[in-house]
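It should be emphasised that the depicted structure is a prediction, and the values quoted were computed from it without experimental measurement.
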Amino acid sequence: MSRKYDAIIIGGGACGLMCAAQAGLFGKKTLVVERNDKVGAKILISGGGRCNYTNTGTGPANFISENPDFLHSVFRQWTVEDTVVFFESYGIVGQEKTLGQLFPLTNKAKDIVAVFSKILYETDQDIALNTLVKSVERNAEGFVVTVENGAGESHYHSPKVIVASGGLPVQKLGASDFGLRLAKKFGLEVVGTAPALVPLTITGKDADWYSSLAGNSVFSKVSVAGMSFEENILFTHWGLSGPAILQISSYWRPGMEITIDLLPNFNLENLIKQERQYGGKRFVSQLLNDHFTRKLVDALGKFLVLDTKIASLSKADAKLIVDTIHRFKVKPAGDKGYDKAEVMRGGVSTEELHPRTLMSKKVEGLYFGGETVDITGWLGGYNFQWAWASGYAIAKDI
């Protein structure tokens, strides 16, 4: 079977869907090839099924890349306001939660996917579900994309191919390294990849201590390698999770030590001084119980003298309390891997792509967008904004 399209889009996730929708609105004909039985699989599970679809504060500083300045050109073409207006025009009203995060008022991720399904239907774009791309080859007219599904093998022809096949998380949703392999096949440099926005594991002698606190959540400031985030951390049976840990995981590297301020909005040294001014009759445990769960306070007894009255604290013990609470040191053993990661760090080097169009500098008509590229956003809607913006930039050039 031989059909011709203006472009073939590999991957029906956020970037691929936006690219196909915008291409359709520009009057182009595309084919979206998706290995799952439905498009937008990762969109549907994002934000606990609510889909944090953008962030009002999005800028290059919210992304990890060997060249974050690459984002300027793409974000000038498709802004956060463009995202908001686009979805509003299809009935999606956003509500802002914490830290600039926008969710649909309905709290239903399926409403986001429905917008794209509507546009693709109305603009007569083709979608091939349950279909695996076997190969992409160049010829004189562009590309031949060979796919395989229940009906057997098919060949599609197009002058342009968009690789929006995502990264390595999450395997059960069809994640693979296809985009990275394809980039390498055509001689493009790929920046080393790793799980990002991922829980961290603790092993060894401290493992039981963390496990005993599973379920406890604490608002903290978490720091590593000059970066820090203030959000909740969550103790788990295997280590640490929660928004602040997921954020810092993108900057953490094996062997690094993480510093956690368990009480970032207070100065414990001053609190101890105030207690002493009032006689210091309370115990250390009582002071800490003002700010933490009883379970966490009891667990901190492994490091601190809890049953001592504050008036009786030695300078050394007072310093130990302050250091432990404000500078709690953690050396993770590793992370929970791609199946628990929100995104992948690394990908096709931005040096290989034209910053305005995301087309390969080496291969005419071959584009890379979304998570396949070495652009990794923070938690909180940033990766979706990159997906929408890159999809639009590519569609404009098709």
**OP:** Determine the minimum heavy-atom distance between Ala207 and Ile202, stating which atoms define it.
**Re:** CB-O, 3.7 Å
**OP:** Drop me the distance from Tyr156's OH to Thr146's OG1, to the nearest 0.5 angstrom.
**Re:** 10.5 Å
Original post:
Looking only at heavy atoms, what is the nearest atom pair of Trp209 and Ala299, with distance?
Top reply: NE1-O, 2.9 Å
Original post:
Would you say the side chains of Tyr367 and Asp397 form a donor-acceptor pair under 3.5 Å?
Top reply: yes
**OP:** Say whether Ser220 and Asp261, considering side chains only, have a donor N or O and an acceptor N or O under 3.5 Å apart.
**Re:** no
Subject >> Lys/Arg-Asp/Glu bridge criterion (N-O < 4.0 Å) met for Glu371, Lys42 >> reply: yes
Original post:
Do Tyr210 and Thr236 have side-chain heavy atoms sitting under 4.5 Å apart?
Top reply: no
Subject >> Cationic N near anionic O, under 4.0 Å, Lys302 to Asp206 >> reply: yes
Original post:
Side chain of Arg327, backbone of Thr324: donor and acceptor closer than 3.5 Å?
Top reply: no
**OP:** Of all the heavy-atom pairs spanning Met256 and Val224, show the shortest one and how long it is.
**Re:** SD-CG2, 3.8 Å
Subject >> Transitive ILVMFWY side-chain link Val84 to Ile112, under 4.5 Å >> reply: yes
Original post:
So, for Leu358 and Val74, which heavy atoms are closest and what is the spacing to 0.1 Å?
Top reply: CD2-CG2, 4.2 Å
Original post:
Within a reach of under 6.0 Å around NZ of Lys205, are more than 12 heavy atoms found that belong to other residues, nucleotides or ligands?
Top reply: no
Original post:
Quick check, are the ring centers of Phe384 and Trp388 under 6.0 angstrom apart?
Top reply: yes
Original post:
What is the distance from atom CD of Glu122 to atom CG of Leu25, rounded to the nearest 0.5 Å?
Top reply: 9.0 Å
**OP:** Consider only side-chain heavy atoms of I, L, V, M, F, W and Y, link residues closer than 4.5 Å, and tell whether Val113 and Met18 are in one cluster.
**Re:** yes
Original post:
Among Lys281, Arg282, Lys309, which one satisfies side-chain hydrogen bond (donor to acceptor under 3.5 Å, both in side chains) with Glu275?
Top reply: Arg282
Original post:
Say you draw a straight line from CG of Asp82 to OG1 of Thr54; how long is it, rounded to the nearest 0.5 Å?
Top reply: 10.0 Å
Original post:
Between Ser360 and Glu352, do the side chains contain an N or O donor and an N or O acceptor separated by less than 3.5 Å?
Top reply: no
Original post:
Aromatic rings Phe229 and Tyr251: how do their planes relate, parallel, tilted or perpendicular, breaks at 30° and 60°?
Top reply: tilted
**OP:** Would you indicate whether Glu364, at its atom CD, is surrounded by more than 12 heavy atoms from other residues, nucleotides or ligands within a distance under 6.0 Å?
**Re:** no
**OP:** Answer yes or no: is there a side-chain heavy-atom contact under 4.5 Å between Leu17 and Val39?
**Re:** yes
**OP:** Would you please indicate yes or no on a ring centroid separation below 6.0 angstrom for Phe266 and His291?
**Re:** yes
Subject >> Residue that, paired with Leu246, satisfies side chain to side chain contact (heavy atoms under 4.5 Å, CB included) out of Val343, Leu379, Leu240, Leu234 >> reply: Leu379
Original post:
Is Asp124 paired with Lys29 through a side-chain N to carboxylate O contact shorter than 4.0 Å?
Top reply: yes
Original post:
Nearest 0.5 Å, what's the OG-CD1 distance between Ser285 and Ile310?
Top reply: 8.5 Å
Original post:
Can you name the nearest heavy-atom pair linking Thr30 to Ala23, along with the distance?
Top reply: CG2-CB, 3.7 Å
Original post:
Between the side chains of Thr83 and Trp78, does any donor sit under 3.5 Å from an acceptor?
Top reply: yes
Subject >> Pair Lys396, Gln77: side-chain N/O donor-acceptor within cut-off below 3.5 Å >> reply: yes
Original post:
Can you find a side-chain donor-acceptor pair between Ser349 and Asp374 that sits under 3.5 Å?
Top reply: no
**OP:** Rounded to the nearest 0.5 Å, what's the gap from OG on Ser158 to CG on Leu31? Could you check?
**Re:** 9.0 Å
Original post:
What heavy-atom pair brings Asp37 and Leu129 nearest, and what distance separates the two atoms?
Top reply: O-CD1, 3.4 Å
Original post:
Do Leu271 and Leu296 share a hydrophobic cluster (ILVMFWY, side-chain heavy atoms under 4.5 Å, transitive)?
Top reply: yes
Original post:
How about Phe103 and Tyr53: are their ring centres within less than 6.0 Å of each other?
Top reply: no
**OP:** Would you check if the side chain of Trp252 reaches a backbone N or O of Ile258 as a donor-acceptor pair within less than 3.5 Å?
**Re:** no
**OP:** Answer yes or no: are there more than 12 heavy-atom neighbours, outside Lys185 itself, under 6.0 Å from its atom NZ?
**Re:** yes
Original post:
Does any donor atom in the side chain of Asn36 or Glu34 lie under 3.5 Å from an acceptor atom in the other side chain?
Top reply: yes
Subject >> Check: Gln286 and Asp290 side chains under 4.5 Å, non-hydrogen atoms >> reply: no
Original post:
Does Phe75 have its ring centroid less than 6.0 Å away from the ring centroid of Phe63?
Top reply: yes
Original post:
Going by atom types alone, do Gln385 and Thr58 pair a side-chain donor with an acceptor below 3.5 Å?
Top reply: no
**OP:** Establish, from distance only, whether the side-chain atoms of Lys336 and Thr201 form a donor-acceptor pair under 3.5 Å.
**Re:** no
Subject >> Linked, directly or transitively: Val133 and Val144 (ILVMFWY side chains, under 4.5 Å) >> reply: no
Original post:
Would you call the rings of Trp378 and Tyr382 parallel, tilted or perpendicular, where under 30° means parallel and over 60° means perpendicular?
Top reply: perpendicular
